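Counting starts at 1 for both ligands and their atoms, in listed order. Not measured: the values here are computed from a predicted model. For reference, positions follow the sequence shown, starting with 1.
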Amino acid sequence: MQKPRVNFNAVGVVYSTCNRRRVATLSGGRPKKPSTLVQAAIRGTISDDSAEFRPAGGRYHLYVSLACPWAQRTLIVRNLKGLDDVITADVVHWKLTDSGWLFDDWAPACTKDSVNGYKGLEQIYRHVIPDYKGKFTVPVLWDKQRNTMVNNKSKDIVRMLNANFRAFCRTEEQRQLDLYPRHLREQIDDLEDVINSDLGQGVYKAGRAITDHTYQKAVGKVFDTLDMLDNILSTKKYLMGDNLTEVDVGLYTVLVRFDRIYYTKFKCNRKRIADYSNLQPYFQDLATKSPFIESTNFEHIEKFYQV
Ligand SMILES: N[C@@H](CCC(=O)N[C@@H](CS)C(=O)NCC(=O)O)C(=O)O
């Protein structure tokens, strides 16, 4: 059978915000150069009018790491939308090795590759693009029917699961839940940009800084952003008002790592999330909801950052 074409789109040189191997520390760790590997985006869309990828139960699969905040977002949304029986998932081992993410179903909460039987993510990418030059990143959304990759960009995957699987949600409430409502899209995009750059990437910039100036600049932005978010939450239940949106899902994946990892290992230690009067109860509220609990594995998160 001829392999289906994939929508392959190299997106330039960016370094991962989630790569333990590239984090230097102010505590004397030797600084490492940011990677110059491209993160290549494969950006197929599952939708009713797609010729290649139609929404269907049991057809699609997620490859994730529980350590990765980007992958965690896709799991949270899968759970929030009641799609956990509809979209299957495999979990890589927490350790990002020199050969990339590997499967190891002997380790706690890890699985084998139940779809393709490969030993790691690299083989999954090479199955689709044999001469793939980018990073082998999670999450990956896989099509079991066409045996190919649909998409490897968490933002796209989150939005597809939110909008294009309505017919498959477990309950009516889950069907109605819209994490990216049309009237809020511009505001969500704007806030996500700030959270991702100044907070999500900011903690890595602070942790990797080799001069005090770079460190102060990065850490200043981290805490300005947290202060700004705390202020928003002084009058709102969620960042966009009364209803949960994808920006809350994204922020949760940063907050859940903050006090345990970013505060301690990345020296973002002016304040803990626990010290914020509005962020703390907001975080606690999310952290007690089952879609968030079920996607959070502290063992994977903490071991990922252990050198
Ligand atoms: N643009 C991707 C980024 C995902 C990403 O950075 N994943 C990291 C883990 S958090 C990864 O798989 N890195 C593999 C590597 O650096 O080799 C997305 O949002 O889905």
Exercise. Less than 3.5 Å between some nitrogen or oxygen of K153 and one of ligand 1, yes or no?
Worked result: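 In this structure, K153 places no N or O atom under 3.5 Å from an N or O of ligand 1.
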
Problem set entry | Any N or O of W101 closer than 3.5 Å to N or O of ligand 1 |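 Looking only at distances, the answer is yes, because the N/O contact criterion of under 3.5 Å is met.
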
Exercise. Evaluating non-hydrogen atoms only, which member of T74, V138, V140, L121 is closest to atom 7 (N) of ligand 1?
Worked result: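 Nearest option to atom 7 (N) of ligand 1, by heavy atoms: V138.
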
Exercise. Short list, please: which atoms of ligand 1 are under 4.0 Å from a heavy atom of S154?
Worked result: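 Selected atoms, number and element: 18 (C), 19 (O), 20 (O).
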
Exercise. Which atoms of ligand 1 are found less than 4.0 Å from any heavy atom of C68?
Worked result: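 Checking each atom against C68, I get 7 (N), 9 (C), 10 (S).
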
For this session: Name all residues meeting the side-chain hydrogen bond (donor to acceptor under 3.5 Å, both in side chains) criterion together with S47; count only those two or more places apart in sequence or in a different chain, and write none if there are none.
Result: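 For S47, the residues satisfying side-chain hydrogen bond (donor to acceptor under 3.5 Å, both in side chains) (neighbours in sequence not counted) are D49.
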
Is a side-chain donor or acceptor of [X] paired with a backbone partner of [Y] at a separation under 3.5 angstrom?
X: D105; Y: T111; value: no
X: D84; Y: N79; value: no
X: R59; Y: D143; value: no

Exercise. Are any of the heavy atoms in G100 under 4.0 Å away from ligand 1?
Worked result: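 Outside the 4.0 Å threshold, so no.
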
Exercise. Is the closest heavy-atom distance from N152 to ligand 1 below 4.0 Å?
Worked result: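 Heavy atoms of N152 do come under 4.0 Å of ligand 1.
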
For this session: Examine the proximity of ligand 1 to L96 and report which part, side chain or backbone, both or neither, has a heavy atom under 4.0 Å away.
Result: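 It is the side chain that gets close, since no backbone atom is under 4.0 Å.
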
Exercise. Distance under 6.0 Å and angle within 45° of the ring axis: does R272 meet both against Y263?
Worked result: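 Yes, R272 lies over the aromatic ring of Y263.
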
Problem set entry | Sequence neighbours excluded, every pair satisfying salt bridge (Lys or Arg N to Asp or Glu O under 4.0 Å) that has a member inside residues 287-299 |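 Of all non-adjacent pairs touching residues 287-299, those that pass salt bridge (Lys or Arg N to Asp or Glu O under 4.0 Å) are D285-K289, E299-K303.
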
